[in-house]
Amino acid sequence: MDRIGSLLSRLDEDQRRAVTHGEGPLLVVAGAGSGKTRVLTYRIAWLLAAGRVRSHQIMAVTFTNKAAHEMRERVEALLGQPLCGGFVGTFHRFALQLLRRHPREAGLPERFSIADEDEQRKLLESVYKRLSLSTERLPVRQARSRISAAKNALQAPGAWPGIPLLADLYAAYEEALRAAGAVDFDDMLLLSVRLLEQHEDIRKALASRFSWMLVDEYQDTNAAQAQLLWLLGGRHPNLTAVGDEDQSIYRWRGADVANILDFRHTYPDASEVILGRNYRSVEPILAAAAGGIGCNRRRRAKHLTSHAGPGDLVIVFQAADEIDEARFVAEGIEQARRDGAAGIAVLYRTNAQSRPFEAELVRRAVPYRVVGGARFWERAEVKDALAYLRLLANPHDALAFRRAVGVPSRGIGAVALEHVEEAALASGLSLPAAARTLPPTLTSRARLSFQGFFALLDELVLIATQATPEKVVRELLERSGLAAQYVSSDEEDRVRRDNQDQLVAAAAEAAERGLDLSGFLDEVALLTDADARVSPDAVQLSTLHAAKGLEFDTVFLVGMDDGLLPLRREGSDADDEEEERRLAYVGMTRARRRLHLTCARQRRVNGQLLGGRPSPFLFEVPPEALDDRSSPLRRSPDAEPASSRRRAYRGRSEPRSPLPSPLSSGREGDSRSSQPGPPRPGSASAWRPGLKVRHPTFGTGVVLQVQGGGAQTRLVVYFDRFGRKTLIPALANLQPV
DNA sequence: GCTTGCGGTATTTTT
DNA sequence: TACCGCAAGC
């Protein structure tokens, strides 16, 4: 009882209410910095300590492996003992375990592999070819994400409303995927749902086993995940869902805010606790964040009160360009380091934005870490080796076979593989099995190559049965010739060798934890870069997405340019804009003590010059929370006077509706209408991709690209009726619409 | 049949 | 700016 008492004494009133909730569904709406993780971990600890629940009954689900590890650690620390039985992990891990346990019932082979995104694309490409479809109507990438979205929404190929092309693609892709002996990422959830729907015995067994479910980041659940929970818990589940619709940033991956907004509709007897005290950010930061997110409409009207005390204003800075921005940020970082800030982060919308900051930090010898930059598990040399491993674990893995057989190059090319493919189709064998039969259509050279390859594989299989995983990987690298590919002393090869060594180490480490080969591979497939450990004194460079759930003393939210932070591409709609605003909100609320918001007057994005207008989100921040540091000294020569820029921030926000309520919907209109008048010919910054324009001859169109700057600016415009044209706005009479 | 070089195109976010 | 696909040489 002492333990319980001391647990509860560390909580505020609302937190305590959530933690000590009894049976039945509970929704905890946890605003940023309100102690969400604390509630979740304390609740688990409380349920166990109070003797209400046994640990093997608990299923705690998070979105990242890292969050899962943390949760487990924290609960164990609270309890003072390890958490046994039960499940703590991601949705995908849960689903994969389920499928591994019941492959036949899920309609899968005993051993199946997991296709990554690359492989999905390759598979789709082959499907395109087989159906003799052109990628012009639908690029492969798009098709992939449409299919992914369908799966996350639990739609079967046949159920596709009225788009035969996609439905065919989807169906053929499924066929190819299964023929390759693989499932993709989305299948884990989809097939698990189907499995539970079709096998009542399995569903019942699971449901009674995991009778206490806790879900973190509930706002990011998609239809498949929600359905999974529903199947396990039924109408009156002991389900604790914790989330915040304001931090829902995975719509593009199928996440549906409706899951959290309509929670009480799904579970009518659900209790609801709103955690409204923010313990993280000082007042101006919270005010800035609240001002922005208040403009969203799809949310509960709620507000966070600051319990972190007063603090410095939010610093705003408009740089001349991205180099200048990086310089400003680096100076700020050095200052923060001198001040002893615990945790500094630079957050941006897209990965590509990290470069200038890296360059500047390298120059100043400031240690930093890029999250999600060069992803270890996506490196070619790592994937090559993994392909071999996959073949050892699953000899019928067609995708791994395709990859492995070609590296290092053995004289087996597209043609030879095509012959094998035909043989496989004719015989019903898997691709690797068909290759083993050495189809007569192969040239004798190819035949020899295949023989050599399979001899190698057999050797390795033999080793795998007797040696440690570490040894297997090492032998594999040596005997296959993968290691020999990178022997030179240049940096590139050195890095690749290094990565291969790291893979050996990873295998050894997995073995220590008792994982076998296929367990290791599963883990690798589920692993992401976000799971890497954080070194505390290094500055963290990260996308906004990857920063969710973290906090830092000092945060630089950079690239707040119109079109970049509300990232706008063709087809972006109002819901997308709201999601972008949530991203900005997530970024701002990562900061404990100091927040900096920066934008640039011009910016090179992919070698192209972009934009020039500050993000509309900057104008949504209450001016009294801001401290504009844009210095006249830093301005490029053609910049407007500082005073007018200052007015741009302060003045622009004045005509805002005084209503603080989310109902003041004039907002979007506001940000649009606050655009400056027609772009002047020659002012590069006024033109940006996505801008709708009218030309006296070509009619209306949309700007695709902005090239060059000043009077040399050229625009690539796509006209509705005339297609793609390159124009010089200084000469062409082009008007924004 | 494989490697090399060129030109065109494209990038949001990730379990 | 970086990658990929495609075409021509070996």
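Below, read A as the first sequence line, B as the second, and so on, with proteins coming before strands; counting in each chain starts at 1. Every value quoted in this text rests on a predicted model; they were computed, and no experiment measured them.
- Within 4.0 Å of A:Phe185, counting heavy atoms only, lies at least one base atom of the nucleic acid.
- Between the P atom of B:dG1 and the CD atom of A:Glu418 lies a distance of 9 Å, rounded to the nearest Å.
- Distance, A:Tyr348 OH to B:dT12 P: 16 Å, rounded to whole Å.
- With B:dT12, C:dG5, B:dT15 as the choices, the nucleotide that has an atom nearest any side-chain atom of A:Glu580 turns out to be B:dT12.
- A close approach under 4.0 Å does not occur between any side-chain nitrogen or oxygen of A:Thr543 and OP1 or OP2 of B:dT12.
- Per the geometry, CD1 belonging to A:Ile249 stands 9 Å off P belonging to B:dT14, to the nearest Å.
- Proximity note for A:Asn351 (side chain, C-beta onward) versus B:dT12, B:dT13, B:dT15: the nearest is B:dT13.
- A:Gln219 and A:Glu217 share a side-chain donor-acceptor pair at under 3.5 Å.
- Scanning atom types as modelled, no donor and acceptor separated by under 3.5 angstrom connect the side chain of A:Trp252 and the base of B:dT12.
- The interatomic distance linking A:Leu564 (CG) with B:dT11 (C1') rounds to 12 Å, in whole Å.
- Between the CZ atom of A:Arg121 and the P atom of C:dG5 there is a distance of 9 Å, rounded to whole Å.
- Going from the P atom of B:dT11 to that of C:dC6 covers 15 Å, rounded to whole Å.
- As a whole-Å value, the separation of A:Tyr250 OH from B:dT13 P is 11 Å.
- Sequence order on DNA chain B of the closest nucleotides to A:Ala416 and A:Leu583 puts A:Ala416 first from the 5' end.
- In summary, the side chains of A:Asp216 and A:Thr62 do not present any donor paired with an acceptor at a separation below 3.5 Å, with no hydrogens or angles considered.
- Using a 4.0 Å heavy-atom cutoff across all strands shown, A:Arg141 reaches sugar-phosphate atoms only and no base atom.
- Both the sub-6.0 Å distance and the 45° axial angle are satisfied by A:Arg100 relative to the ring of A:Phe112.
- Between A:Arg144 atom CZ and B:dT14 atom P there is a gap of 13 Å when expressed in whole angstrom units.
- Side chains of A:Asp186 and A:Ser148: a donor-acceptor N/O pair is present below 3.5 angstrom, by distance only.
- In this structure, A:Asp118 atom CG and C:dG5 atom C1' are separated by 15 Å, rounded to whole Å.
- Taking the ring axis of A:Tyr585 as reference, the NZ or CZ atom of A:Arg582 does not stay both within 45° of it and closer than 6.0 Å to the ring centre.
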